[in-house]
Amino acid sequence: MNRQIQDKAPIMDALNQFKRMRVVPFDVPGHKRGKGNRELTDFLGEKCMSVDVNSMKPLDNLCHPVSVIREAEQLAADAFGAEYAFFMVNGTTSAVQTMVLTACKKGDKIILPRNVHRSVINALILGGAIPIYVNPEMDHRLGIALGMSIAAVKKAMEENPDAKAVLVNNPTYYGICSNLKEITKLAHEHNIMVLVDEAHGTHFYFGEDMPISAMAAGADMTSVSMHKSGGSLTQSSFLLVGKRMNPGYVRQIINLTQTTSGSYLLLSSLDISRKNLALHGKQIFAHVRELAKYARAEINQIGDYYAYCREIINGDTVYDFDVTKLSINTLDVGLAGIEVYDILRDEYDIQVEFGDIGNILAYISVGDRKQDVERLIGALSEVRRRYKREKTGMLRHEYINPEVAVAPQKAFYADKVSIPLEQSVGYICSEFVMCYPPGIPILAPGEKITKEIMEYICYAKQKGCFLTGPEDMQIQHLNVLK
């Protein structure tokens with residue numbers, strides 16, 4: 001990274017210059033710099049509304065950037081150590097889908113762990129690629145899926161020499177990292193592209209004592225949720241591309257699904273946040289790392305909770321761990337993670353990122369302070385004192401290996417019938433069922449519904465997990481293949 005050029009923010013500078021020009025708008029958006037919607041302007045502020053503008057010559061065009069957006073892309077590529085960088089305003093979902101649609105055409109095989117975000121499987125439905133799942137191993141104490149073992153990835157590549165790509169989570173929602181560098185080496189030896197979902201790994205590029213980033217590992221493409229740990233606005237992300245890819249073709253794929261009306265609020269937030277991390281990221285993430293370390297130590301002293309870290313590294317399926325993640329196992333308190341999540345929100349006004357069957361994740365990032373962490377620690381201590389119970393009858397894990405019977409695209413568009421959830425065992429599902437967040441499907445289109453999966457869905461509903469995906473919003477019926 002060239003720090004001498006990283007103090008620029010060309011999109012922000014162009015917007016400031018545009019405001020000074022006092023242009024009379026006879027274009028969209030129709031609120032005309034906020035004058036047409038006073039209530040919205042009062043809510044969001046005149047500064048915000050004044051830069052909610054349309055693409056025009058001084059501001060460039062996201063679909064075909066040639067000036068300020070192009071310069072901002074070059075700065076982002078330099079900051080992240082990529083060959084090219086693309087500004088994404090449809091969320092990291094669109095970046096993930098671009099990777100899969102770039103690498104795979106209809107009928108092509110892609111090797112991936114089953115504990116992927118639903119955006120990956122959505123891309124398989126859109127493009128018709130065929131998943132070759134590497135089912136992750138489980139940590140049965142924590143009840144979480146781990147990374148991909150090198151042996152399992154190698155076996156999948158040898159059994160599927162025609163595979164076009166392998167996709168890796170770096171890290172998982174819980175902070176687990178696979179051996180990305182070795183997987184990349186293996187894949188390139190087999191002439192297979194490496195795609196990485198780094199939705200939760202922005203800080204790997206700027207912090208010290210972090211797991212290796214996708215670009216440093218030699219991956220071909222990676223999606224980076226700048227809005228998660230990087231400080232930009234929600235829905236803004238980067239797609240990073242390595243030397244082996246054709247950036248012109250990648251942009252064509254992006255333009256298949258990304259809006260033609262890119263928000264300059266999102267674009268400028270990416271530009272400014274990249275500048276901030278490039279100049280100050282090392283100090284920012286040192287602070288985040290220390291906050292997480294302090295929180296883990298204090299929470300582990302409460303008793304029964306287990307805030308885990310690098311001690312779970314095993315050199316393979318947990319090759320490394322993201323030390324900024326505050327993942328907390330709650331099972332020994334006798335509470336499901338989602339129950340602790342609900343208590344913290346409803347009784348202590350604390351909003352953690354998610355709760356599943358056995359864990360909660362408290363997301364610590366650039367905007368957190370020590371007093372906020374102290375409040376969380378105190379609340380968890382009180383929750384244990386007030387609500388601790390026997391853990392008899394609790395499910396211990398959130399991941400069940402699926403039985404894939406039909407390709408996702410074929411199952412999603414097939415003739416289907418709706419049946420009661422309790423009667424669905426043995427049928428092939430044609431839709432998603434997932435807890436959100438983290439958005440990892442319990443069931444995806446084309447997978448067989450087993451008794452274990454049906455019982456898990458019922459248990460998750462009973463515990464209060466926020467289940468999404470099916471047409472039936474109450475999750476009482478599932479669509480299955482006829």
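Residue indices begin at 1 and follow the sequence shown.
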Quick check: does any side chain N or O of [X] sit under 3.5 Å from a backbone N or O of [Y], one acting as donor and the other as acceptor?
{"X": "Arg296", "Y": "Lys325", "result": "yes"}
{"X": "Asn160", "Y": "Ala163", "result": "no"}
{"X": "Gln97", "Y": "Asn122", "result": "no"}
{"X": "Arg33", "Y": "Val24", "result": "no"}
{"X": "Asn169", "Y": "Asn115", "result": "yes"}
{"X": "Ser268", "Y": "Leu265", "result": "yes"}
{"X": "Ser236", "Y": "Ser232", "result": "no"}
{"X": "Ser269", "Y": "Leu266", "result": "yes"}

- prompt: Phe238 pairs by ring pair (Phe, Tyr, Trp, His ring centres under 6.0 Å) with which of Tyr84, Phe86, Phe80?
  reply: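 It is Phe80; the other options fail the test.
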Geometric cation-pi criterion Lys370 and Tyr294, 6.0 Å radius, 45° cone: yes
Just checking, Arg310 and Phe321: is the charged tip under 6.0 Å from the six-membered ring centre and within 45° of the axis?
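Relative to the ring axis of Phe321, which defines the angle, Arg310 lies outside at least one limit.
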What orientation do Tyr174 and Phe354 show, parallel under 30°, tilted 30 to 60°, or perpendicular over 60°?
-> perpendicular
Angle class for the His200/Tyr363 ring planes (parallel below 30°, perpendicular above 60°, tilted otherwise)?
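If you compare the ring of His200 with that of Tyr363, the planes turn out tilted.
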Presence of salt bridge, [Y] and [X], under 4.0 angstrom:
{"X": "Asp162", "Y": "Lys109", "answer": "yes"}
{"X": "Lys275", "Y": "Asp271", "answer": "no"}
{"X": "Arg345", "Y": "Asp342", "answer": "yes"}
{"X": "Glu46", "Y": "Arg38", "answer": "yes"}

When you look at [atom1] of [X], are more than 12 heavy atoms from neighbouring residues, nucleotides or ligands closer to it than 6.0 Å?
{"X": "Gln351", "atom1": "CD", "answer": "yes"}
{"X": "Asn191", "atom1": "CG", "answer": "no"}
{"X": "Glu39", "atom1": "CD", "answer": "no"}
{"X": "Lys105", "atom1": "NZ", "answer": "no"}
{"X": "Glu347", "atom1": "CD", "answer": "yes"}
{"X": "His64", "atom1": "NE2", "answer": "no"}
{"X": "Tyr319", "atom1": "OH", "answer": "no"}

When you look at Thr234 and His227, which way does the side-chain hydrogen bond (donor to acceptor under 3.5 Å, both in side chains) test go after all the steps? CA-CA 5 Å; Thr234 296; His227 68 93; 4.5 Å; no
OH (Tyr205) and OG1 (Thr222) are apart, to the nearest 0.5 Å, by 4.5 Å
TODO: Scan side-chain atoms only and decide if His287 and Asp368 contain a donor-acceptor pair under the 3.5 Å cut-off.
DONE: no
Shortest non-hydrogen pair, Arg3 vs Leu279, comes out as NH2-O, 3.2 Å
Closest non-hydrogen atoms of Phe87 and Ala76, given as atom of the first, atom of the second and distance, are CE1-CB, 4.4 Å
request  = Evaluate side-chain contact (heavy atoms from CB on, under 4.5 Å) for Met148 paired with Val168, printing each intermediate quantity in order.
outcome  = CA-CA 8 Å; Met148 294 192 289; Val168 186; 3.8 Å; yes
